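Below is one structure, written out as structure tokens, with a few remarks after it.
The model shown is predicted, which means the values in this text are computed figures rather than measured ones.
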Number of protein chains: 2
Amino acid sequence: MAVTLADVAAHAGVSSATVSRVLSGNYPVAGATRNRVLRAVEELEYVVNGPASALAAASSDLLGILVNDIADPFFGIIASAVQGELEGQGQGEGPVPRKLAVVCNTGGSPERELTYLTLLQRQRAAAIVLTGGAVEDPEHSAALAARLRRLAAGGTRIVLCGRPPLSDGQGGGPVPGALLTVAFDNRGGARALTEHLLALGHRHIGYVAGPAERTTTRHRLEGHSAALEAHESFDPARAERLTVHGGGYHRSAGYEGTRVLLHRAPETTAVLAANDTVALGVCAALREAGLRIPEDVSVAGFDDLPFSADASPTLTTVRLPLQEAGARAGRLALGTQPPPRGGVTTIGHELVVRASTAPPRAGG
Amino acid sequence: MAVTLADVAAHAGVSSATVSRVLSGNYPVAGATRNRVLRAVEELEYVVNGPASALAAASSDLLGILVNDIADPFFGIIASAVQGELEGQGQGEGPVPRKLAVVCNTGGSPERELTYLTLLQRQRAAAIVLTGGAVEDPEHSAALAARLRRLAAGGTRIVLCGRPPLSDGQGGGPVPGALLTVAFDNRGGARALTEHLLALGHRHIGYVAGPAERTTTRHRLEGHSAALEAHESFDPARAERLTVHGGGYHRSAGYEGTRVLLHRAPETTAVLAANDTVALGVCAALREAGLRIPEDVSVAGFDDLPFSADASPTLTTVRLPLQEAGARAGRLALGTQPPPRGGVTTIGHELVVRASTAPPRAGG
DNA sequence: CTGTTAGCGCCTTCAG
DNA sequence: CTGAAGGCGCTAACAG
């Protein structure tokens with residue numbers, strides 16, 4: 001049916017081995033022969049058969065990227081940056097890069113995460129980047145660690161991007177091997193944000209948390225708590241009352257969480273959201289309740305996604321360099337950049353103060 | 001190195017053909033044998049070699065999805081919907097779906113579009129979904145049409161989602177074959193939006209257009225123009241002056257476009273943006289200029305992305321059922337749903353009026 | 001229902 | 001520098 005190497009070889013009057021060598025470019029071939037082959041490739045519009053070469057070479061051009069929600073720019077930006085690293089990467093002779101990114105949307109489901117890993121393993125992916133917070137269920141952690149370990153053993157490079165280094169759920173120790181990590185400092189970022197609000201004078205700081213059982217949620221919450229605890233005004237009962245658990249990462253979580261919060265603690269003067277998207281929902285609920293931002297209530301997000309600078313009011317948040325993290329994860333996955341000792345790269349954060357936070361009202 | 005079919009066969013005491021049949025499930029096998037094989041698969045932790053089976057079967061499990069910008073929710077939502085259709089799809093026996101979606105980020109570049117198509121062709125993708133507006137350069141159109149035709153001829157199903165049916169740049173006729181289209185009514189949507197503003201009493205309606213040479217940009221602009229022309233107040237010179245061309249689909253395009261617009265036509269009482277994201281930038285620029293929305297200037301977007309309902313003020317826009325379009329494209333790509341006659345499905349739109357549009361000021 | 005037998009298209013020694 | 005030959009792991013007839 002399709003044109004094969006042999007066809008090209010015949011057309012160019014050489015052996016198929018020669019064509020293969022010209023195409024992969026990893027073996028000396030005389031200039032004249034080379035050109036003849038290249039011309040034949042052009043004329044016949046030959047396109048390599050990926051599966052066949054993957055089989056023969058026992059390697060593939062696929063790079064897997066697992067994301068929790070492909071419709072969320074948080075992941076889109078990371079995925080885009082990872083893909084960016086594939087360009088101009090190890091391309092043979094043409095302008096065509098060799099590697100292809102496979103973006104898999106897990107929807108945050110542990111089962112699907114495992115499923116996609118199987119699929120990628122089946123395709124013999126060269127590397128896999130897992131992005132976003134992990135689910136902390138011990139059973140799943142163990143299953144995940146086992147599978148990743150097997151993949152790594154099979155030569156697939158694994159990079160965790162935006163999630164903490166893997167523990168196997170047993171001893172809790174890190175999984176060794178070709179397992180690299182690019183981590184965010186979610187704790188530090190959340191702590192900085194809460195300290196910012198405390199410094200402004202807020203004492204009743206609400207927190208609308210993300211999905212339960214996710215590392216990202218836990219770490220941000222821990223940073224928030226750490227800041228509160230370190231402050232003279234700390235009151236455990238109040239902190240507990242002002243924290244709404246178990247939301248998602250969507251605006252509706254912010255909206256609903258805020259309604260709960262306002263009902264439970266009308267004295268709230270500031271609300272921290274699990275991320276920027278949630279913060280949007282928080283703002284909507286506050287406005288609906290007739291509260292002005294930041295005059296009546298301050299609001300802050302997390303991540304600094306592009307829309308945060310355009311929100312009204314512009315959103316105070318913590319910037320995570322997603323682009324940079326993704327690019328680095330991509331390079332690690334491709335082996336373009338040497339991994340740091342210990343295999344863990346921690347990416348910084350930056351407090352971005354905008355118009356959505358201000359001191360509480362005098363009577364607050 | 002890795003466990004192979006033969007290993008499993010030996011372990012289960014059957015031939016490799018039997019194992020293959022059990023795994024693909026498309027051939028009768030005795031229950032007892034079946035179980036034995038399945039147990040062996042478990043024990044050996046066997047994972048099919050995708051490339052090998054793709055080679056032997058001359059078919060693959062890969063579904064390509066081309067997007068202009070993976071960090072843009074517009075594409076994320078579509079891609080997510082396409083992927084959703086792969087689930088519970090033709091899975092053999094396990095809980096593992098067979099197909100894998102390959103999301104390719106073209107960044108809107110025609111060359112990369114072609115490049116990714118080559119890569120996908122190399123992988124012998126089962127189907128390819130191309131999303132988003134196309135670039136209208138005749139040369140590129142011809143190259144694209146040629147490549148798609150070849151892919152289709154090779155058995156790859158091609159679905160265009162959110163772009164008009166392909167013309168080959170020569171006769172301009174549609175490319176025949178396994179080429180399906182799910183199109184948006186960008187013209188109709190834009191027209192409805194402009195009519196809405198005209199009905200509110202606006203006569204100085206600015207338009208911040210998207211990237212030049214893209215079908216989406218042109219169609220929306222045409223819809224806008226059509227509405228203006230059909231109205232008694234039509235003034236070609238004014239329409240031209242109030243239209244800012246050549247922006248992108250990012251907020252900065254809206255921001256900068258609006259600054260140009262305000263400078264050029266301070267009498268503007270309403271601004272239509274190329275899409276919702278651009279509208280955010282429009283709002284930012286208006287606010288910066290001290291103009292209130294919608295009291296001083298009305299604003300409207302296009303697409304109705306999730307954040308539009310949370311913007312402040314909430315954004316009037318045209319809702320495109322992206323989710324539905326993506327799902328349909330996915331089904332067409334998988335052959336799950338029979339294509340309509342002519343191969344073109346047009347998806348409706350819906351005018352969503354929110355708080356960002358209002359009648360112009362009395363003196364406007 | 002199950003085993004045997006050829007390839008699928010390419011890569012990669014090994015000779016020349 | 002180039003050609004010949006074997007095999008990568010699986011599927012798909014074909015027998016039985």
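- One distance of note links CD1 of B:Ile158 with CZ of B:Arg149; it measures 12.0 Å at 0.5 Å rounding.
- Between the CG atom of B:Asp7 and the P atom of D:dC8 there is a distance of 11 Å, rounded to whole Å.
- B:Thr33 comes within 4.0 angstrom of the backbone, heavy atoms only, and of no base.
- Rounded to the nearest 0.5 angstrom, B:Leu180 CG and B:Arg331 CZ are separated by 12.5 Å.
- A donor-acceptor distance shorter than 3.5 angstrom exists from the side chain of B:Arg36 to the backbone of B:Ala12, with no hydrogens or angles considered.
- Atom CG of B:Leu5 and atom P of D:dG9 are 10 Å apart (whole Å).
- Atom CG in A:Asn49 sits about 12 Å away from atom P in C:dC8, given to the nearest Å.
- We find that OH of B:Tyr27 is positioned 14 Å from P of D:dT11, with the value rounded to whole Å.
- Separating the CZ atom of B:Arg21 from the P atom of D:dT11 is a distance of 11 Å, rounded to the nearest angstrom.
- In plain terms, the two heavy atoms of A:Leu332 and A:Arg157 that are nearest each other are O-CD, 3.1 Å.
- Side-chain atoms of B:Ser141 come within 3.5 Å of backbone N or O of B:Asp137 as a donor-acceptor pair.
- Which of C:dC11, C:dG9, D:dT2 sits closest to the side chain of A:Val29 comes down to D:dT2.
- Straight-line distance from the CG atom of A:Asp61 to the P atom of C:dC11: 10 Å, rounded to whole Å.
- OP1 or OP2 of D:dT11 lies within a sub-4.0 Å distance of a side-chain N or O belonging to B:Ser20.
- Sequence order on DNA chain C of the closest nucleotides to B:Ala30 and A:Val47 puts B:Ala30 first from the 5' end.
- No donor-acceptor contact under 3.5 Å links the side chain of A:Arg124 to the base of D:dG9.
- Straight-line distance from the CG atom of B:Leu23 to the P atom of D:dA12: 13 Å, rounded to whole Å.
- Residue B:Ser16 places its side chain closer to D:dT11 than to any other of C:dT12, D:dT11, C:dC10.
- OP1 or OP2 of C:dG3 lies within a sub-4.0 Å distance of a side-chain N or O belonging to B:Ser15.
- For A:Arg36 and B:Ala17, each mapped to the nucleotide of DNA chain D holding its nearest heavy atom, the one lying further toward the 5' end belongs to A:Arg36.
- Phosphate proximity of C:dC10 to A:Ser53: absent, as no side-chain N or O sits under 4.0 Å from OP1 or OP2.
- Rounded to whole angstrom, the span from the CG atom of A:Asn26 across to the C1' atom of D:dC1 amounts to 14 Å.
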